[in-house]
Amino acid sequence: MKVNAYAAPAAGEPLAPTTIERRAVGPNDVLIEIEFAGICHSDIHTVNGDWGPQPFPVVPGHEIVGRVTEVGADVSRHSVGDRVGVGCMVNSCGECTNCRNGDEQYCAQGMVGTYAATDRDGTTTQGGYSTHVVVDADYVLTVPDGIDPAAAAPLLCAGITTYAPLRKWEAGPGKKVAVVGLGGLGHMAVKIAHALGAEVTVLSQSLKKQEDGLRLGADHYFATSDPGAFETLAGRFDLIVNTVSAKIDLDAYLGLLAVDGTLVNVGAPAEPLDVNVFSLIGGRRSFAGSMIGGIALTQEMLDFCAEHHIGAEVEVIPAEKVNEAYERVLASDVRYRFVIDASTLS
Ligand code: NAP
Ligand code: ZN
């Protein structure tokens, strides 16, 4: 099946309209007519070559929401007409310890990314900046009624990427949580940590988004451009979630952790981050990383968000504005996720 899409033809080149082939619907596959696809900073890292060479042309997009239009003979979890979502992962081995533990994203054979990855049949995956996608039913999520579909799309990456560490490191009542960077991931982290009952602080480069941060659920808001903030907040947090897409001075942030506190990095900048071990041993602190989340946890997150009336704050754009949106994300000028209206690709 030939479908319309937007693709990056080569590293660092603007995205342009194209057509791509989607595979025939297999026995365990679902065909989805895409309604919305979020723009994640990872899409930009990928097409700009920050993370190394890619199999161009690349159709990005791993925050996909749409309607099921066809199911394979063996599919029982999803039916035609259902509203569904696809995140960053469309396959894994299903048999290794990590897959069996529900951590398919850490599959020992390598999870198959939604785009720019080699699927288990040897083909290259292409993502959600497109009108349709065919995905194995086991990697297709149910989007609960009651979440606006455009606002739901970013949950499939930004939502689960922040929900997973907040759950793992037990953000909740009595816990002080800081979120570094108020972008796509950061604003979801604020909403989710607040809904989990934690005391939430935003650490942003400036105070420009302070009003928004407090409205989204933060209790406190500080500008990291003010060195006084690091003195005021020294030793305060149980958990810091760093969502920044660029290199930051990690030691300064580690100093904000209480004894036994953890800084979890979800931001994935091109350059390595430096850590002075004294920033850790001086407070029995931990520095950790976390990548998206497993399928069951992603469904749990979607259900949690529906129950708590949480969606992303989105700016819906036609596909032709994608390059402009990339520029604005790179300039930290996103409030707080761009979402492509896939009907503009038809
Ligand atoms: P985003 O919307 O661009 O948000 C990043 C935020 O970081 C910006 O809004 C800005 O917030 C802050 N920031 C940007 N440049 C900065 C700098 N030089 N110094 C300090 N702060 C800066 O990006 P996103 O989509 O949320 O993604 C964030 C990062 O997470 C990316 O690296 C992405 O690849 C990665 N990611 C990782 C996973 C995972 O599984 N671990 C999943 C998805 C994305 P303020 O303006 O508030 O300072
Ligand atoms: Zn993403």
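Fair warning: this is a prediction, and the values are worked out from it, not measured in the lab. Each ligand, and each atom within it, is numbered from 1 in the order the structure gives. Computation of the quantities below employed the complete heavy-atom set of this structure, encompassing side-chain atoms and omitting hydrogens, waters and symmetry-equivalent molecules.
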Legend entry - Ion pair check, Lys176 and Asp238, cut-off under 4.0 Å: no

Inset, instruction - Give a yes or no on whether Asp74 atom CG has more than 12 heavy-atom contacts from other residues, nucleotides or ligands under 6.0 Å away. - result: yes

Legend entry - Atom indices of ligand 1, in the order listed, that fall short of 4.0 Å to a heavy atom of His41: 1 (P), 3 (O), 23 (O), 24 (P), 25 (O), 27 (O), 31 (C)

Legend entry - ligand 1 atoms in contact with Ser204 (distance to a heavy atom under 4.0 Å): 45 (P), 46 (O), 47 (O), 48 (O)

Inset, instruction - Quick one: sort the Tyr129 and Tyr326 rings into parallel, tilted or perpendicular, breaks at 30° and 60°. - result: perpendicular

Legend entry - CZ/Arg284: more than 12 non-hydrogen atoms of other groups inside 6.0 Å: no

Legend entry - Option of least heavy-atom distance to atom 12 (C) of ligand 1 (set: Gln205, His62, Gln210, His45): Gln205

Legend entry - Enumerated ligand 1 atoms positioned under 4.0 Å from heavy atoms of Lys209: 9 (O), 11 (O), 45 (P), 46 (O), 47 (O)

Legend entry - Any donor-acceptor N/O pair, Arg83 side chain to Pro149 backbone, under 3.5 Å: no

Inset, instruction - Would you mind running through ligand 1 and noting each atom that sits below 4.0 Å from a heavy atom of Arg337? - result: 24 (P), 25 (O)

Inset, instruction - For Glu35 and Ala153, indicate whether the former's side chain and the latter's backbone hold a donor-acceptor pair under 3.5 Å. - result: no

Legend entry - Proximal ligand 1 atoms for Ile292, defined as those under 4.0 Å from one of its heavy atoms: 39 (C), 40 (O)

Inset, instruction - Using non-hydrogen atoms of the residue, decide whether Trp51 is closer than 4.0 angstrom to ligand 1. - result: yes

Legend entry - Heavy-atom closest contact (Pro227 atom, Ser225 atom, distance): CD-O, 3.3 Å

Legend entry - ligand 1 contact on Cys157 by region, counting heavy-atom pairs under 4.0 Å: side chain

Inset, instruction - Count the heavy atoms of every other residue, nucleotide or ligand shown that sit under 6.0 Å from CD of Glu13, and state whether that count exceeds 12. - result: yes

Inset, instruction - Would you check whether Ala158 reaches within less than 4.0 Å of ligand 1, judged by its heavy atoms? - result: no

Inset, instruction - Would you mind listing which atoms of ligand 1 come within a distance below 4.0 Å of any non-hydrogen atom of Leu185? - result: 24 (P), 25 (O), 26 (O), 27 (O), 30 (O), 36 (N), 43 (C), 44 (C)

Inset, instruction - State the atom name: nearest N, O or S atom of His62 to the Zn ion (ligand 2). - result: NE2

Legend entry - Sub-4.0 Å atoms of ligand 1 with respect to non-hydrogen atoms of Val244: 7 (O), 13 (N), 16 (C), 20 (C), 21 (N), 22 (C)

Legend entry - Polar contact flag, side-chain donor to acceptor under 3.5 angstrom, Arg236-Thr201: no

Legend entry - 2.8 Å cut-off met by an N, O or S atom of His41 to the Zn ion (ligand 2): no

Legend entry - Option passing side chain to side chain contact (heavy atoms under 4.5 Å, CB included) with Gln109 (candidates Cys99, Cys96, Cys93): Cys93

Legend entry - Selected option - heavy-atom contact closest to atom 39 (C) of ligand 1, from Thr46, Leu330, Thr161, Leu203: Thr161

Inset, instruction - Please work out the angle at the Zn ion (ligand 2) defined by atom SG of Cys157 on one side and atom SG of Cys40 on the other, rounded to 10°. - result: 130°

Inset, instruction - Output yes if Cys88 passes the N/O/S-under-2.8 Å test against the Zn ion (ligand 2); output no otherwise. - result: no

Legend entry - Sub-4.0 Å atoms of ligand 1 with respect to non-hydrogen atoms of Val329: 3 (O)

